[in-house]
2 protein chains.
Amino acid sequence: MDIPEARAFILHWGEMGSQWGVNRSVAQVHALLYLSDRPRHAEDICEKLGLARSNVSNGLKELQSYAIVRRVHVEGDRRDHFTAETDLWDMLLKIAAERKRREIDPTIQLLGELADSLEGRADVPAHIRERIGRMHDFIGTLADWYADIRRLPKATLVTLMKLGSRITRFLPGSKP
Amino acid sequence: MDIPEARAFILHWGEMGSQWGVNRSVAQVHALLYLSDRPRHAEDICEKLGLARSNVSNGLKELQSYAIVRRVHVEGDRRDHFTAETDLWDMLLKIAAERKRREIDPTIQLLGELADSLEGRADVPAHIRERIGRMHDFIGTLADWYADIRRLPKATLVTLMKLGSRITRFLPGSKP
DNA sequence: TGCCTATTTCTGTAATTACCGAAACAGGAG
DNA sequence: CTCCTGTTTCGGTAATTACAGAAATAGGCA
């Protein structure tokens with residue numbers, strides 16, 4: 001990337017990644033592919049970003065596990081090439097889905113077990129049981145909401161988001 | 001915390017924190033306070049979690065900057081005491097607000113600058129300009145949505161979330 | 001005002017995580 | 001089958017981040 005704006009974008013995306021628990025190189029690889037209009041092979045990415053081959057390889061694997069980067073075949077070239085999802089809605093939903101699977105679902109699982117284990121125990125203060133139970137319910141509600149909303153067509157999601165709080169006007173029982 | 005379930009909760013919360021870019025100790029302090037029914041002073045927290053005084057002090061400062069922990073005065077004790085927000089909706093919204101302020105808003109700012117700087121430049125491929133512009137719009141839309149939705153009463157948020165995708169039934173133009 | 005206690009800041013160290021380069025591995029083409 | 005190119009795994013190193021303990025500061029009470 002010889003365009004300074006593209007470089008700035010990639011660097012910033014790397015920083016953002018590390019603030020959200022994604023390693024910097026992975027985020028940079030993603031940013032580079034997002035800005036590319038054609039598939040790139042690993043060596044190419046290494047060169048553009050100044051990263052080691054292995055690092056890029058692992059990054060690509062990680063990004064593919066999020067399903068926001070995919071391997072494509074380029075005619076007449078034996079090497080694997082990679083492209084990024086460019087639809088940002090799809091990208092967001094896929095990232096959310098994977099983080100839910102990796103982090104949220106196990107958390108709900110654990111909280112459920114803790115809540116069960118505290119059920120009807122007289123030796124544990126009531127507020128502990130209650131707080132853990134409420135956290136379990138809360139995260140569960142969020143996760144269910146996500147799983148539900150995710151199936152809506154993109155256009156509907158856009159409509160809902162653009163509506164924002166005005167959505168409440170359409171709810172039954174709201175003032176005209 | 002001598003209750004194993006509480007201990008497990010705190011440890012897990014710490015792990016969750018580090019996966020989301022919050023340092024482990026900070027998250028643990030938060031978890032401990034969330035499970036407490038009374039304010040605790042710093043020394044108390046150190047002892048329960050086995051952390052150094054300075055670490056706890058910084059953690060408390062960080063949590064207060066998110067406004068999910070606040071300092072309270074306890075009658076007849078000169079030391080500062082701390083309690084956590086126990087309403088999980090408030091907690092989530094406050095965390096989101098602060099992360100938006102710290103990370104998202106500056107990102108939007110930067111993307112805006114990059115987009116402006118690329119405006120009408122013939123030496124830059126069109127797809128670069130377009131991709132950066134779309135990212136700017138997208139994150140902007142999300143941020144606006146959040147700022148808007150945040151002002152709704154908690155009860156309304158709960159209603160909307162419980163509705164999930166069924167909300168679309170109330171949209172104008174949807175089939176009965 | 002000066003002391004005592006609580007709190008924060010600072011600095012060095014420990015632990016973690018990211019990263020590179022080398023070596024092993026895989027899979028086609030000749 | 002064997003060579004060649006590309007990919008992945010592995011082990012050591014560098015960089016970052018978290019953390020503890022000491023020193024400095026602040027703030028209330030006598």
Side-chain angles (χ1 to χ4, degrees), chain A residues 10-33 39-66 69-83 99 102-103, chain B residues 10-33 39-66 69-83 99 102-103:
Chain A
I10 291 170
L11 290 178
H12 186 85
W13 207 242
E15 290 310 309
M16 281 289 279
S18 54
Q19 284 170 322
W20 289 86
V22 177
N23 122 8
R24 180 179 286 110
S25 311
V26 171
Q28 287 186 359
V29 170
H30 178 241
L32 175 64
L33 290 175
R40 291 182 180 280
H41 55 82
E43 204 81 43
D44 191 4
I45 298 170
C46 292
E47 193 200 347
K48 297 271 183 210
L49 298 178
L51 296 174
R53 198 54 229 292
S54 53
N55 201 7
V56 169
S57 175
N58 288 325
L60 288 168
K61 192 159 56 168
E62 176 77 352
L63 290 165
Q64 283 174 281
S65 77
Y66 276 97
V69 161
R70 64 177 184 285
R71 217 173 53 201
V72 297
H73 187 72
V74 168
E75 197 72 27
D77 194 333
R78 276 178 55 188
R79 293 170 295 190
D80 287 346
H81 288 63
F82 301 89
T83 32
R99 295 206 74 150
R102 292 190 194 179
E103 296 149 22
Chain B
I10 291 170
L11 291 178
H12 186 85
W13 207 242
E15 290 310 310
M16 281 289 281
S18 52
Q19 283 170 322
W20 289 86
V22 177
N23 118 11
R24 182 178 285 110
S25 311
V26 172
Q28 287 186 359
V29 170
H30 177 241
L32 175 66
L33 290 175
R40 291 181 180 280
H41 55 83
E43 203 82 44
D44 190 3
I45 298 170
C46 291
E47 192 201 347
K48 297 272 183 209
L49 297 179
L51 297 174
R53 198 52 225 292
S54 53
N55 203 6
V56 168
S57 175
N58 288 326
L60 288 168
K61 190 161 58 169
E62 175 76 351
L63 290 165
Q64 283 173 282
S65 76
Y66 277 98
V69 159
R70 64 177 183 285
R71 218 175 51 202
V72 297
H73 188 74
V74 167
E75 196 73 28
D77 193 334
R78 276 176 56 185
R79 293 170 295 191
D80 287 345
H81 288 63
F82 302 88
T83 33
R99 295 206 75 151
R102 293 190 193 178
E103 296 149 21

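Residue numbering restarts at 1 for every chain, and letters A, B, ... go by the order of the sequence lines.
Atom pair B/R24:CZ and D/dT16:C1' shows a separation of 14 Å (rounding to whole Å applied). When rounded to the nearest whole Å, the span between NE2 of B/H81 and P of C/dT5 equals 17 Å. For the pair A/D77 CG and C/dG27 P, the computed distance is 18 Å after rounding to whole Å. Atom-to-atom, CZ of B/R40 to C1' of C/dA6 comes out at 19 Å; the value is rounded to the nearest Å. Rounded to whole Å, atom C1' of D/dA20 lies 17 Å from atom CD of B/E47. Spacing between atom CG of A/D44 and atom P of D/dG6 amounts to 12 Å, rounded to whole angstrom units. When the C1' atom of D/dG11 is taken as reference, atom CG of A/N55 falls 15 Å away, rounded to whole Å. Rounded to a whole Å, the CZ atom of A/R79 is 15 Å from the P atom of C/dA29.
Contact annotation: A/R53 reaches the phosphate of D/dT7 (side-chain N/O to OP1 or OP2, under 4.0 Å). OP1 or OP2 of C/dT7 has not a single side-chain nitrogen or oxygen of B/K61 nearer than 4.0 Å. In this model, the phosphate group of D/dC19 is approached by a side-chain N or O of B/N23 to a distance below 4.0 Å at OP1 or OP2. Taking side-chain N and O atoms only, A/S57 has no distance below 4.0 Å to OP1 or OP2 of D/dT7. Applying the 4.0 Å criterion to OP1 and OP2 of D/dT9, one finds that A/S54 has every side-chain N and O outside that range.
The listed nucleotides are D/dA20, D/dC19, C/dC20; the one nearest the side chain of B/A52 is D/dA20.
The number of heavy atoms from other shown groups lying within 6.0 Å of CZ (A/R99) is above 12. A/R71 CZ: 12 or fewer foreign heavy atoms inside a 6.0 Å radius.
For B/G17 against B/A27, the heavy-atom pair with the smallest separation is CA-CB, 4.1 Å.
Annotation: of the two residues near DNA chain D, A/E43 and A/S18, the 5′-most nearest-nucleotide partner is A/E43. Two residues, A/N58 and B/L51, neighbour DNA chain D, and the one matched to the more 5' nucleotide by heavy-atom proximity is A/N58.
Backbone-only contact: A/G50 has heavy atoms under 4.0 Å from sugar-phosphate atoms and none from a base.
Atom CZ of residue B/F82 and atom NE2 of residue B/H41 lie 10.5 Å apart, to the nearest 0.5 angstrom. In this structure, CG in B/N58 is found 9.0 Å from CG in B/N23, a value given to the nearest 0.5 Å.
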